[in-house]
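Here the structure comes first, spelled out in structure tokens, and everything after it is commentary.
Atom set for the values below is all heavy atoms of this structure, side chains included, hydrogens, waters and symmetry mates excluded.
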Amino acid sequence: MPTPSKSLKAVRGTRDLLPPETALWNRVESIARSVFSRYGFGEIRTPIFEDTQLFARGVGEETDIVSKEMYTWSDGDRFSEKRIIDEWVRVNQSDNPAYVQAGRVNIQGNPPFLAKLKELGIQLQVWRGVQAANGLTGHVELVSFRPGVSADAIDRLMKARELAKSDPESQTQRFAVRLRLVIPMDGELGPWVDKRDVLVEPLAGKFFDSAQSLTLRPENTAGVVRAYIEHNLGDTGQLQKLFYIGPQFRRERPQRGRYRQFWQIGVEVLGPVTSGSESPLRDAEVLEMLATLLDELGVKNWRLELNSVGSSTDRPRYVAALREALAPIKHQLCEDNQRRAETNPLRVLDSKDPNDQALIDGLPKIADYLDDSSRDHFAQVRAALDACGVPYTVNPRLVRGLDYYTRTTFEFTVPSSGDPASGLGTQNALLGGGRYDGLSEMLGGPRAPGIGFAIGQDRLILTLQALAESNKSGTGTEPGAPGLASETWVQKLDAYIAPLGAERNAAALALARELRRSGLSVEVGDGAFRLKKSFEAADRVARHIVILGEDELASGILTVKTFATGEQTKIAHADLAQSLRA
RNA sequence: GCGGUUAUAGUUCAGUGGCAGAACGCCGCUCUGUGGCAGCGGAUGUCCUGGGUUCGAACCCCAGUAGCCGCCCCA
């Protein structure tokens, strides 16, 4: 028998969703689908991983998401040995022809050095290699790391290079040089490496032409816009109204309402300008739909915060002005804000640090940097919301983290600190979104202005659960929305069939099949259970218990008890399904 | 990446140097075809892992791992 292995657990930041909680997830999704369909949205499902470049270009290289939170790997299946060998030969022919023989490269093995590499844990990949039988000398025709070199591997390589430097006349020097030549990094080196030392000009491009860098999607907008471009949806001339529900991935430290695999429910409205995609009507429609959705879900006390970050030309002008205004006062701000002032001045506006508020209030306002058309757009959005009666607050400090946002940006929040009806710790943003008029072009597509949002489904669920909890305990509070912000989303089965004696099991299953086919939800007990146990089990999961004993089988008259009333009746087999439905 | 905090039965947790515990759940009996109540009985443990201190460690010390919460950032 094998020794028991260490038990496996869901990896950090991921979790299992189990019944009955999944029932709530399904209810939420079904309400969302129902609302979206009333507004003419169709579902889109995009791949869970995409080319890394999609997010780098779409979300923005400098955002935290792209710079440090993505799950990225090199797709090994696309790795071309042939290209590497060809390039290897080419480089070595120019470099040191003595080592090139008939299109192959021979490197003199150096057993002590090889042993040292092994000790350092460097993994050598050998293609068509020849080891001498005596084990002391041999020829290695091509040596390489596999693509996607880790920081750790580079670190070990650097140690090997140090070793080589200390003995410059030896074979190790030459060996290390060759190692350099085959590291496929494509310039994407981390800060832990001196590029002059390691970067490989001749081979890099070739490798990455064939080895594709893939990334688990950290958000879904970029993928939707990619699909829009790829399938020429703009050529239909129609406004595209799409929604998605699915997992996203960010490598962050988990906490309440934040997971490494998390779910978003989102929509995107985009299309050519002639389809009306740029119209403020669309912004307002999306916001009004969200208000409706949250109301139907039973979310209480949501708050809509609205802002405009201007067009793609307004925004850089404003950021420049912000930097200018921050420069002289930066040193008075808290440590976090000093850093933000450097890296992302917009985020300073978001700061909650009480000591900095006065200074922040004195900073330039985005509203003063909007051009006429952006200002007009924003005014029309607000007018439409007013007309619909959707309450909102203009928050001039609302900025959003993704680079693609233009003009309208928004956030729906629920009360956080100390409010039992929240359930979100300090993550009080339930959903966020905005307009992205330039995103399609950034991804190489046609002009396709759009607006969208993403609901943090995990956070939404937490909010609903907290609401259900406070409704249960709080006596005087108003009731939650029917069916959701309560525990009624756990449905009991219509019937539980209790066979008496194992001889009745077959008949019980046949009866269950019949009832289930007629649309009833049914559980079957086991004839080996004592009747008492059957009753206890039945009462937990079902509204009725159907007793199937010797008498019932013989007569065709079944005994049915209804738990809610305690009433017990005899019902003919033919009437059973109808009676259980009640 | 940084900080706080926690880790003991299936679950929620008590136990602060001396026999491994409670509640709920589970199984059995009282009660072989009538549950919810009650009584009685029972099973279930790497006390997170590894070191150390001690006659003796779930408990004290050190290190590690994991969970939760917060910062950053975001949904």
Is a donor-acceptor pair below 3.5 Å formed from side chain A/Gln255 to base B/G67, judging by atom type as modelled? no
Select base, sugar-phosphate, or nothing to describe what A/Leu431 touches, counting heavy atoms under 4.0 Å on all strands. sugar-phosphate
Between the base of B/G36 and the ring of A/Phe535 - centre-to-centre under 5.5 Å, planes within under 30° - is that a stack? no
Evaluate whether atom CZ of A/Arg251 has more than 12 neighbouring non-hydrogen atoms of other residues, nucleotides or ligands under 6.0 angstrom away. no
Please report the distance separating the C1' of B/A9 from the corresponding atom of B/A23, rounded so that it comes out in whole Å. 12 Å
Measure from the side chain of A/Arg530, starting at C-beta and using heavy atoms only, and say which of B/C68, B/U30, B/A75 lies closest. B/U30
Just checking A/Phe563: base, sugar-phosphate only, or nothing, at a heavy-atom cut-off of under 4.0 Å? base
For the side chain of A/Arg256, starting at C-beta, report the closest nucleotide among B/C73, B/G70, B/G35. B/G70
What's A/Arg339 touching, base or sugar-phosphate or nothing? Going by heavy atoms closer than 4.0 Å. sugar-phosphate
Does A/Glu285 come within less than 4.0 Å of A/Arg282, counting only side-chain N to carboxylate O? yes
Looking at every non-hydrogen atom in both residues, tell me the closest pair between A/Pro345 and A/Val319 and how far apart they are. CG-CG1, 4.1 Å
Taking the nucleotide of RNA chain B with the closest heavy atom to each, which residue, A/Ala454 or A/Glu536, is nearer the 5' end? A/Glu536
Which nucleotide wins on minimum distance to the side chain of A/Phe262, given the candidates B/G33, B/G3, B/A75? B/A75
Can you tell me, in whole Å, how much space there is between the P of B/C59 and that of B/G36? 43 Å
Between A/Lys68 and B/C73, is there a side-chain N or O to OP1/OP2 distance below 4.0 Å? no
So, is A/Arg340 close to the B/C72 phosphate, meaning a side-chain N or O under 4.0 Å from OP1 or OP2? yes
Does the structure show a Watson-Crick or G-U wobble partner for B/C68, both distances under 3.5 Å? Name it, or say none. B/G4
Base, sugar-phosphate, or nothing: which does A/Gly549 touch, judged by heavy atoms less than 4.0 Å apart? base
Between B/C69 and B/C37, how far is it from one P atom to the other, in whole Å? 34 Å
Mind checking who B/A38 pairs with, Watson-Crick or G-U wobble, both distances under 3.5 Å? B/U30
For A/Thr559, which contact category applies under a 4.0 Å heavy-atom criterion: base, sugar-phosphate, or nothing? base
Quick one: look up who B/G45 pairs with, Watson-Crick or G-U, both distances under 3.5 Å, and put none if it's unpaired. none
Taking the same atom, C1', in B/G41 and in B/C31, what whole-Å distance lies between them? 15 Å
Nearest whole angstrom, please: distance from the C1' of B/C71 to the CG of A/Asp64. 13 Å
Between A/Lys532 and B/C29, does any side-chain N or O lie under 4.0 Å from OP1 or OP2? no
Which part of the nucleic acid, if any, lies within reach of A/Glu219 when heavy atoms closer than 4.0 Å are counted: base, sugar-phosphate only, or nothing? nothing
With a 4.0 Å cut-off on heavy atoms, is A/Gln568 in touch with a base, just the backbone sugar-phosphate, or nothing at all? base
A/Arg540 side chain N/O closer than 4.0 Å to the phosphate oxygens (OP1, OP2) of B/C26? yes
Regarding A/Gln261 and A/Tyr71, is there a side-chain donor-to-acceptor distance under 3.5 Å anywhere? no
Specify the separation, in whole Å, of atom CD of A/Gln264 and atom P of B/A75. 7 Å
Is the shortest side-chain N/O distance from A/Arg12 to OP1 or OP2 of B/G67 below 4.0 Å? yes
Looking only at N and O atoms, is any donor in the side chain of A/Arg258 or the base of B/C73 less than 3.5 Å from an acceptor on the other one? yes
Distance between the C1' atoms of B/A66 and B/A14, in whole angstroms? 23 Å
Assign each of A/Gly13 and A/Leu402 the nucleotide of RNA chain B bearing its closest heavy atom; nearer the 5' end lies the nucleotide of A/Gly13
Return the orientation label for the A/Tyr436 and A/Tyr404 ring planes: parallel under 30°, perpendicular over 60°, tilted otherwise. perpendicular
Take atom C1' in B/C13 and the same atom in B/G25, then report the distance between them in whole Å. 14 Å
Atom CG of A/Leu500 and atom P of B/U34: how far apart are they, to the nearest Å? 10 Å
For B/C24, the nucleotide meeting Watson-Crick or G-U wobble distances (both under 3.5 Å) is B/G10
Classify the side-chain pair A/Asp295/A/Thr292 by whether it contains a donor and acceptor separated by less than 3.5 Å. no
What is the pairing partner of B/G56, taking Watson-Crick or G-U wobble pairs with both distances under 3.5 Å in any strand? none
Taking atom types as modelled, is there a side-chain donor on A/Thr46 or A/Asn220 under 3.5 Å from an acceptor on the other? yes
Using a heavy-atom cut-off of under 4.0 Å over every strand shown, decide if A/Asp458 touches base, sugar-phosphate, or nothing. nothing
Spacing of A/Lys533 atom NZ relative to B/C26 atom C1', expressed in whole Å: 9 Å
Regarding A/Tyr259, tell me which of base, sugar-phosphate or nothing describes its non-hydrogen contacts under 4.0 Å with the strands shown. base
Regarding A/Glu268 and A/Thr221, is there a side-chain donor-to-acceptor distance under 3.5 Å anywhere? yes
Please report, rounded to the nearest Å, how far the P atom of B/U34 is from the CD atom of A/Glu567. 19 Å
For the P atoms, the ones on B/G10 and on B/U16, what distance do you get once it is rounded to whole angstrom? 23 Å
Nearest-Å distance once atom P is located in both B/C55 and B/C2: 39 Å
Using a 4.0 Å heavy-atom cut-off, does A/Glu252 contact any base of the nucleic acid, only the sugar-phosphate backbone, or nothing at all? base
